[in-house]
Visitor: 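Quick one: structure below, then a few questions.
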Amino acid sequence: MVHVIKNIKRPDAADIEAISQFTPATLHEAQGRKGALSSKIKPIYNGMTVCGPAITIKSHPGDNMMLQLAISIAKPGDVLVFATDGSSEQGCFGEVLGTWCQARGIAGLVTDSGVRDGPALNNNGFSVFSPGLCIKGTVKETLGYVNRPVSFGGEIINPGDIIVGDDDGLVVVRPEDAKWVAKESRERDDTEAKLMKDLKEGADLLEAVGMDKRALGKGCEFEN
């Protein structure tokens, strides 16, 4: 079995840029409430964001050898998706690997493992999404694979899938869906912007979205 696939098909830069204009929550809703990754995986510090094509990594828990191999072949703008079967009691990634990633132009890391050196990663401005911080070290012993589909955060992530994250969490957008998801997201954002403008001007949300009629239609009764 091939353990490391060096070259993958990445989405068009224009599609990544279009998707990057929207929050994960908007993208999730726009594509039919699909693609949200586990809510346990969040930025290790508020304000971290990420958007780019996935480099997928499958590793044995507590071992980061495959992660290092993936960093060595990743391209600028890539997002490392490091799957360890949810082994969060190891610090699989820290300041040294973060420095290497930044030198290579990698956009960020998302992992179901723990990470360490959080303050340094934050100060250096490298985006990391993880269940949390853990000081425990890792070994470099067991082969896994790079750039094959992985099960991660409740979704199957393929190499080249677009990963988007902010304080709310993470979402995956398939490259073949990027154009229509961006269009739907724009329409959704525009609709919500108008709705919020109307609310500031005194509109009633229940009337604006028809929730009053829906509730009455379900038999909801009010009493003064």
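From a predicted model like this one, the values you see are computed outputs, not experimental measurements.
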Visitor: Can you confirm whether Phe152 sits close enough to Lys58 that some side-chain heavy atom of one is under 4.5 Å from a side-chain heavy atom of the other?
Guide: no

Visitor: Say whether, by atom type as modelled, one donor and one acceptor occur between the side chain of Lys140 and the main chain of Thr138 under 3.5 angstrom.
Guide: yes

Visitor: Indicate yes or no: does Lys179 engage Asp15 in a salt bridge with an N to O separation below 4.0 Å.
Guide: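 Looking at Asp15 together with Lys179, the answer is yes, because their closest N to O distance falls below 4.0 Å.
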
Visitor: So which heavy atom on Leu80 is nearest to which on Cys101, and how close?
Guide: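 The answer is CD1-SG, 3.8 Å.
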
Visitor: May I ask you to test the Leu27-Ile19 pair for a side-chain heavy-atom distance under 4.5 Å?
Guide: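 Of all side-chain heavy-atom pairs linking Ile19 with Leu27, at least one is under 4.5 Å.
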
Visitor: Compare every heavy atom of Ile163 with every heavy atom of Leu170, then report the nearest pair and how far apart it is.
Guide: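 Scanning both residues completely, I find the closest heavy atoms to be CD2-CG2, 4.1 Å.
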
Visitor: Indicate yes or no for a side-chain donor-acceptor contact from Glu207 to the backbone of Ala203 under 3.5 Å, with no hydrogens or angles considered.
Guide: no

Visitor: How far apart are the closest heavy atoms of Gly86 and Asp112, and which atoms are they?
Guide: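 Closest approach of Gly86 to Asp112, heavy atoms only: N-OD2, 3.0 Å.
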
Visitor: Hey, any chance Trp100 and Leu69 share a hydrophobic cluster, counting ILVMFWY side chains that come within less than 4.5 Å of each other, even indirectly?
Guide: yes

Visitor: Is any NZ, NE, NH1 or NH2 atom of the basic residue among Arg188 and Glu184 found under 4.0 Å from an Asp or Glu carboxylate oxygen of the other?
Guide: no

Visitor: Looking only at atom types and distance, does a side-chain atom of Ser113 sit under 3.5 Å from a main-chain N or O of Ser88, one as donor and one as acceptor?
Guide: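 Not at all, since once roles are kept as given, no pair shorter than 3.5 Å links the two residues.
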
Visitor: Do the side chains of Glu141 and Met65 get nearer than 4.5 Å, heavy atoms only?
Guide: no

Visitor: For the residue pair Pro53 and Gly77, what are the closest heavy atoms and their distance?
Guide: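 Answer, listing the atom of Pro53 first, then Gly77: CD-O, 3.5 Å.
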
Visitor: Would Gln90 and Ser87 count as a side-chain hydrogen bond (donor to acceptor under 3.5 Å, both in side chains) if you check the C-alpha gap in whole Å, the side-chain angles of each, and the deciding distance to 0.1 Å?
Guide: CA-CA 7 Å; Gln90 283 84 31; Ser87 178; 2.3 Å; yes

Visitor: Could you tell me whether the side chain of Leu195 reaches within less than 4.5 Å of the side chain of Leu205, counting heavy atoms only?
Guide: yes

Visitor: Take Asp204 and Leu199, measure what side chain to side chain contact (heavy atoms under 4.5 Å, CB included) needs, and give me the verdict at the end.
Guide: CA-CA 7 Å; Asp204 183 282; Leu199 292 175; over 6 Å; no

Visitor: Leu133 and Arg116: side chain to side chain contact (heavy atoms under 4.5 Å, CB included), yes or no, with the steps?
Guide: CA-CA 5 Å; Leu133 300 175; Arg116 62 185 182 183; 5.9 Å; no

Visitor: Please tell me if the side chains of Pro43 and Asp167 come closer than 4.5 Å, counting only heavy atoms from C-beta onward.
Guide: yes

Visitor: Should Ile162 and Val81 be counted in the same cluster of Ile, Leu, Val, Met, Phe, Trp and Tyr side chains packed under 4.5 Å apart?
Guide: no

Visitor: If you take all heavy atoms of Arg174 and Ile156, which pair is closest and at what distance?
Guide: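 Distance-wise, the nearest heavy atoms are NH1-O, 2.8 Å.
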
Visitor: So for atom NZ, which belongs to Lys213, do other residues, nucleotides or ligands contribute more than 12 heavy atoms lying within a distance under 6.0 Å?
Guide: no

Visitor: Hey, is Asp190 close enough to Lys194 for a salt bridge, meaning N to O under 4.0 Å?
Guide: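 No.
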
Visitor: Using the rule given for side chain to side chain contact (heavy atoms under 4.5 Å, CB included), can you reason through Glu89 versus Lys136, listing the C-alpha separation, both sets of side-chain angles and the distance that settles it, and then say yes or no?
Guide: CA-CA 7 Å; Glu89 280 297 310; Lys136 298 176 184 177; 3.0 Å; yes

Visitor: Is it the case that more than 12 heavy atoms not belonging to Ile135 sit under 6.0 Å from its CD1 atom?
Guide: no

Visitor: Quick one: do Ser185 and Lys183 satisfy side-chain hydrogen bond (donor to acceptor under 3.5 Å, both in side chains)? Show the steps, please.
Guide: CA-CA 5 Å; Ser185 295; Lys183 179 176 181 294; over 6 Å; no

Visitor: Give the cluster check for Ile106 versus Leu121: same hydrophobic cluster or not, with ILVMFWY residues linked at side-chain heavy-atom distances below 4.5 Å.
Guide: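 Linked within one cluster.
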
Visitor: Would you say that more than 12 heavy atoms from the other residues, nucleotides or ligands in this model lie under 6.0 Å from the CZ of Arg104, or not?
Guide: yes

Visitor: Do Val173 and Phe129 land in one hydrophobic cluster if side-chain heavy atoms of ILVMFWY residues count as linked below 4.5 Å?
Guide: no

Visitor: Would Leu37 and Val79 show up in the same hydrophobic cluster when neighbours are defined by side-chain heavy atoms closer than 4.5 Å?
Guide: yes

Visitor: Look only at the side chain of Asp12 and the backbone of Ala14, and say whether a donor-acceptor pair between them is shorter than 3.5 Å.
Guide: no

Visitor: Quick one, Ile57 with Tyr145, criterion side chain to side chain contact (heavy atoms under 4.5 Å, CB included). Give me CA distance, side-chain angles, the key distance, then yes/no.
Guide: CA-CA 6 Å; Ile57 308 130; Tyr145 50 81; over 6 Å; no

Visitor: Heavy-atom distance under 4.5 Å between the side chains of Arg10 and Asp78, does that happen here?
Guide: yes

Visitor: Identify the heavy atoms of Ile44 and Gly118 that sit nearest to each other, and give their distance.
Guide: CD1-CA, 4.1 Å

Visitor: Going from CD1 on Ile55 to CD1 on Ile157, what distance comes out if it is rounded to the nearest 0.5 angstrom?
Guide: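 Answer for the CD1-CD1 pair, Ile55 versus Ile157, is 13.0 Å.
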
